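Because the structure is predicted, anything quoted here is derived from the model rather than measured. Lettering of chains follows the sequences in order, A, B, ..., and the numbering in each one begins at 1. What you see below is based on every heavy atom in this structure, not just the backbone, and it leaves out hydrogens, waters and symmetry mates.
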Amino acid sequence: MPELPEVETTRRGLSPFLTQQQVVAVRVREPRLRWPVPTELARVLPGLTIEHVGRRAKYLLLTTHHGTLIIHLGMSGSLRIAEAGTPPNTHDHVDLVLQNGRCVRLRDPRRFGAILWTGGDPLDHPLLVNLGPEPLSEQFHGEYLYQRSRGRRTAVKSFIMNSDVVVGLGNIYANEALYEAGIHPARGVHRIAKTRYERLIRAIKQVLDDAIAAGGTSVRDFVNSQGEPGYFSHSLRVYGRGGKACLRCGRMLQQTRIGQRSSVYCLYCQR
DNA sequence: AGTGCGGCCTGTCCGC
DNA sequence: TGCGGACAGGCCGCAC
């Protein structure tokens, strides 16, 4: 389940291998991802050079002079660099073959991911145009969250997982950030003071920064490796620990469902 | 407009 | 040991 830190780790790992590389072929073995892989890729992409590997939210953006490849890893997707002759494994659905004899290989067992192509500005793409700010940007601050919460009554966990509000927070890091901020995940957004939003902002940035830093140390060999940055599970303090002891107070962590998502929290440390 | 939820998928784990 | 079922998750698209 790649969350923003995993996607950013992937971006950093791939960038040196892809930047200024020309694509010579596209091989699609399984086009049935979240949306069908565009058939035009095989026609449009060969001959184009990847100028930059960027990211917006959890979308990776492979930019050329004539358009941008938009890749989402969904729940189970991963990208790695392979020698073009390496036989694909199960669930290796798409290869972008590069001029240097290597390829970028997309593996995605659950096929929740996506590959899309746009000839225009990717930020104007319908999937990206309405996204909220990046959580690590200066535009994401306490006053912003507070203002966006006005007139709403939803649970704060659902609120921060809403990509209209802020991008990149999946279930794992939403749980972690609320724990760090000492806020109960089911608390209504209309019952949180501005100063607590400021604390929440700090917690979100800290949790994501730490996860990216942990991934950074493991951005090792994307060539013929698993290519999967992992989920930094060593740094998770509540996610997956329901029923175990709170690392702060020792009381048992609660586990419930909020907005159809499993939520773990400490009844005493989070109010 | 804001909110909740169904559905897409398969690997993993559990109980029988 | 084999099998069925629950569960996990991102996020679009729909219904209210």
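Counting heavy atoms from C-beta on, the side chains of L236(A) and V238(A) never come closer than 4.5 Å. Side-chain atoms of Q139(A) and E134(A), non-hydrogen and from C-beta on, never get closer than 4.5 Å to each other.
Minimum atom distance to the side chain of F112(A) is reached by dC8(B), of the listed dC8(B), dA8(C), dC11(C). With distances taken from any side-chain atom of R111(A) to the nucleotides dT10(B), dC11(C), dC12(C), the minimum falls on dT10(B). Nearest nucleotide to the side chain of T154(A), out of dG10(C), dT10(B), dT3(B): dT3(B).
Within the nucleic acid shown, S158(A) has no heavy atom closer than 4.0 Å to any nucleic acid atom. In this structure, R257(A) reaches the sugar-phosphate backbone alone: every heavy-atom distance under 4.0 Å involves primed, P, OP1 or OP2 atoms, never a base. Residue F159(A) is classed as having no contact, given no heavy-atom separation below 4.0 Å to the nucleic acid. Residue L127(A) is classed as a sugar-phosphate contact, given heavy-atom separations below 4.0 Å to backbone atoms only. Among the atoms of the strands shown, base atoms are found under 4.0 Å from some heavy atom of R34(A).
Atom pair M161(A):CE and dT3(B):P shows a separation of 15 Å (rounding to whole Å applied). Separating the CD1 atom of I70(A) from the C1' atom of dG10(C) is a distance of 16 Å, rounded to the nearest angstrom. The nearest whole Å value for the distance from the CZ atom in R150(A) to the C1' atom in dA1(B) is 16 Å. Rounded to whole Å, atom P of dC9(B) lies 8 Å from atom CZ of R32(A). Rounded to an integer number of Å, the gap from CZ of R107(A) to P of dC9(B) is 18 Å. Residue K157(A) contributes atom NZ, which lies 16 Å from atom P of dT3(B) at whole-angstrom precision. Here the P atom of nucleotide dT3(B) and the CD1 atom of I258(A) are 15 Å apart, to the nearest Å. What separates CG of N162(A) from C1' of dA1(B) is a distance of 12 Å, to the nearest Å.
For the residue pair E51(A)/Q20(A), the side-chain donor-acceptor check at 3.5 Å is satisfied.
OP1 or OP2 of dT3(B) lies within a sub-4.0 Å distance of a side-chain N or O belonging to R152(A). For H91(A) and dC9(B), the shortest distance from a side-chain N or O to OP1 or OP2 is not below 4.0 Å.
Judged by Watson-Crick or G-U wobble contacts below 3.5 Å, the nucleotide dG11(B) has dC7(C) as its partner.
Judged by distance alone, with hydrogens and angles left aside, R110(A) brings no side-chain donor or acceptor close enough to the base of dC8(B) to form a pair under 3.5 Å.
The pair E180(A)-R237(A) meets the salt-bridge criterion, with a side-chain N (NZ, NE, NH1 or NH2) lying under 4.0 Å from an Asp/Glu carboxylate O.
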Notebook entry, point to check: Between D164(A) and R148(A), is a salt bridge (Lys or Arg N to Asp or Glu O under 4.0 Å) present by the stated rule, with each step listed?
Noted result: CA-CA 10 Å; D164(A) 297 346; R148(A) 288 298 303 265; 5.7 Å; no
